[in-house]
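Below, read A as the first sequence line, B as the second, and so on, with proteins coming before strands; counting in each chain starts at 1.
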Number of protein chains: 2
Amino acid sequence: MDTTKSAATRALVLETALAMFRSRGYAKTTMRAIAAEAGVSLGSAYYYFESKDQLVLELYRESVAEQHAGATAALDGATGLPDRLKAAIHAGLDALGPYHPFGGAFIASALPPQSSVNPFGEASRQARAEATAIFEDVVQGTKIPQFLRAQLPELLWLAYMGIVLFWVYDRSENQRRTRILVDGAAPLIGRLVSLSRLPVVKPLVEEALALKARVQA
Amino acid sequence: MDTTKSAATRALVLETALAMFRSRGYAKTTMRAIAAEAGVSLGSAYYYFESKDQLVLELYRESVAEQHAGATAALDGATGLPDRLKAAIHAGLDALGPYHPFGGAFIASALPPQSSVNPFGEASRQARAEATAIFEDVVQGTKIPQFLRAQLPELLWLAYMGIVLFWVYDRSENQRRTRILVDGAAPLIGRLVSLSRLPVVKPLVEEALALKARVQA
DNA sequence: AGGGAGAGTTGAACATGTTCAAAAAGGGTG
DNA sequence: CACCCTTTTTGAACATGTTCAACTCTCCCT
């Protein structure tokens, strides 16, 4: 069938591209090289992916899906916010691992607001929804103060984005420092959530949430 | 004198570039267009600036200097951490204002770790030192718990980087929402610093600082 | 079978950032 | 002034992302 063949070609180009990203890095993987390696013409590659950035978006999608799968498995045995948080974040870093060498180029094409790839934008809405869903799962089954519960998954996703940024800059072998950061930050976040019940702390958190709401509108 | 003439040419190219960035945006300002407008050859532009990114770095330097000047003036009458923080951050946003339309392209060239322009990297060490110095000034003359004092300026600078990221994505007219965020977040940070003295909160903050130290090494 | 519409493919062409070898200009020294 | 070394200038050349008009293929309708 036609649709199948077309999809196969598309998949071939994509897989070739991702494999070359991993083996040669982002800059060295030119569109011409991808096309040549996949055995199609340059124009064909562009027929399926409107830009090189689109290939990065696909990479992002795949990594989120992989994170979701890994997190779901790891969350199975984990109880308590800190441990569940660690599970989700480490799963994300595991999924991103092979692409660390060109993480810089990754965020360069991902962060510009007008980029179709940016994680806060329209094109990645679906991937973002899946990513925040992971943190919904993290929160499930833990005791969170009511006034904070609805907002927490999104806040955790934001924190995760920050960690990914740290990861991109992390030059220690195997991004060891990022792992240390995750293991250290997760318990702190857990304690912070607990503290947010205290009468001295609660108003502060409530105002922060209100500010977040005001600024998002 | 020779040095003077060379410096004048360099300055001419730079001023032309920054003016064109403001008037036409980043993408439309090609190196050829800069050279033509400045009345030099393409090669000459590259003689003075090894890449287009370098021009962005100069822009960053200039904006930090302008922020420093504006902040110093505004800090003169401001007392208390929240107000002083507002002064410094608003000065920064004022300096960046004209470049908002291409803020996305700005961070695209600035954030990649291997980029010579990235604000955490080597090339911008001087500009970063000046930027953290601004937040040293902010902290001066306010009452900060001893165990937090040394780290606070750098933390504030980091928070400021986060706000700039928000600003880049802010599509409200004149980035109104970013201003609201700043005005709302500054008092919260002030109260958070106060709270950090409490016996229930202090250990948490201390552990966070310890984690930061561990992860920077 | 014929033909036409749509899907898929192709490579040349274009704009742009960057490099580089060669030329020109300057400036000091004999 | 002649010579040489350094600084500055130049534009052609290159690689790459992207566009596009033309071409081929497939399959359905009559």
Side-chain angles (χ1 to χ4, degrees), chain A residues 1-14 16-18 20-21 24-59 102 104-106 108-112 114-118 123, chain B residues 1-14 16-18 20-21 24-59 102 104-106 108-112 114-118 123:
Chain A
M1 220 210 282
D2 196 302
T3 312
T4 300
K5 190 178 165 199
S6 175
T9 306
R10 191 193 131 100
L12 172 66
V13 172
L14 179 56
T16 305
L18 297 194
M20 291 178 79
F21 283 161
R24 306 187 198 181
Y26 182 76
K28 293 273 190 67
T29 304
T30 68
M31 291 298 286
R32 283 169 182 78
I34 295 169
E37 183 81 10
V40 304
S41 73
L42 179 59
S44 261
Y46 273 96
Y47 180 77
Y48 290 103
F49 300 95
E50 68 182 30
S51 68
K52 199 177 173 183
D53 278 0
Q54 286 297 318
L55 290 166
V56 173
L57 176 58
E58 296 295 331
L59 184 162
F102 72 97
F106 180 85
S109 40
L111 275 177
Q114 73 274 18
S115 160
S116 59
V117 194
N118 114 51
Chain B
M1 220 211 281
D2 194 301
T3 314
T4 300
K5 190 178 165 201
S6 176
T9 305
R10 191 192 131 99
L12 172 67
V13 171
L14 178 57
T16 304
L18 297 194
M20 291 178 78
F21 282 161
R24 306 187 197 179
Y26 182 77
K28 292 273 189 66
T29 303
T30 67
M31 291 299 284
R32 284 168 181 76
I34 295 169
E37 183 82 10
V40 303
S41 73
L42 178 61
S44 263
Y46 273 96
Y47 180 75
Y48 290 104
F49 301 95
E50 69 181 27
S51 69
K52 200 178 174 184
D53 279 359
Q54 285 297 316
L55 290 166
V56 174
L57 176 58
E58 296 294 332
L59 186 162
F102 72 97
F106 180 85
S109 39
L111 275 179
Q114 73 275 19
S115 160
S116 57
V117 195
N118 115 50

task = Using the closest heavy atom to pick a nucleotide of DNA chain C for each, name whichever of B:K28 or A:A45 lands nearer the 5' end.
result =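 Closer to the 5' end of DNA chain C: A:A45.
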Atom pair distance, as rounded to whole Å: [atom1] in [X] and [atom2] in [N]:
| X | N | atom1 | atom2 | answer |
| --- | --- | --- | --- | --- |
| A:L55 | D:dG17 | CG | P | 11 Å |
| A:L42 | C:dA13 | CG | P | 14 Å |
| A:Y47 | C:dG11 | OH | C1' | 17 Å |
| A:R24 | D:dT16 | CZ | C1' | 15 Å |
| B:R32 | C:dC14 | CZ | P | 14 Å |
| B:E50 | C:dT18 | CD | C1' | 11 Å |

ask   = Does a side-chain heavy-atom distance below 4.5 Å link A:F21 with A:L55?
value =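 Yes - at least one pair of side-chain heavy atoms lies under 4.5 Å apart.
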key: Close side-chain approach of B:L18 and B:L14, heavy atoms under 4.5 Å   =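 SC-SC contact between B:L18 and B:L14 confirmed.
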task = Kindly indicate whether a cation-pi arrangement holds for B:K52 with B:Y26, taking the cut-offs as under 6.0 Å to the six-membered ring centre and within 45° of the axis.
result =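 Yes, cation above the ring, under 6.0 Å and within 45°.
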Can you identify which nucleotide, out of [options], has its nearest atom closest to the [X] side chain?
| X | options | result |
| --- | --- | --- |
| B:M31 | D:dT9, D:dT18, C:dG17 | C:dG17 |
| A:S41 | C:dG11, C:dT18, D:dT18 | C:dG11 |
| B:T30 | D:dT9, D:dT18, C:dG17 | C:dG17 |
| A:Y48 | D:dT9, C:dT9, D:dT18 | C:dT9 |
| A:Y46 | C:dG8, C:dG17, D:dT19 | D:dT19 |

inquiry  = Any side-chain N or O of B:S6 below 4.0 angstrom from OP1/OP2 of D:dT8?
reply    =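 So the side-chain polar atoms of B:S6 do come within 4.0 Å of the phosphate oxygens OP1 or OP2 of D:dT8, strictly under.
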message = Any base atoms under 4.0 Å from A:F49, or only sugar-phosphate, or nothing? Heavy atoms, all strands.
response =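 Touches nothing.
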task = Select base, sugar-phosphate, or nothing to describe what B:S44 touches, counting heavy atoms under 4.0 Å on all strands.
result =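 Base: the residue B:S44, judged by heavy atoms under 4.0 Å, touches a nucleobase.
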query = Does A:R10 pair with A:E58 as a salt bridge, N-O distance under 4.0 Å?
reply =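 So A:R10 pairs with A:E58 through a salt bridge.
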request  = With DNA chain D as reference, determine whether A:T29 or A:G43 sits nearer its 5' end, using the nearest nucleotide of each.
outcome  =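 It is A:T29, whose closest nucleotide lies nearer the 5' terminus.
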key: Difference in axis direction between the ends of the helix from C:dA1-D:dT30 to C:dG30-D:dC1, five pairs, 10°   =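 Roughly 30° between the end axes, to the nearest 10°.
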task = Give the intermediate values and the outcome of side-chain contact (heavy atoms from CB on, under 4.5 Å) for residues A:F106 and A:L59.
result = CA-CA 10 Å; A:F106 180 85; A:L59 184 162; 3.8 Å; yes
query = Any donor and acceptor pair, going by atom type alone, linking the side chain of B:S44 with main-chain N or O of B:V40 inside 3.5 Å?
reply =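 It does not hold such a pair.
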ask   = Quick check: does any side chain N or O of A:T29 sit under 3.5 Å from a backbone N or O of A:M20, one acting as donor and the other as acceptor?
value =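 Yes, because the side chain of A:T29 sits within donor-acceptor range (under 3.5 Å) of the backbone of A:M20.
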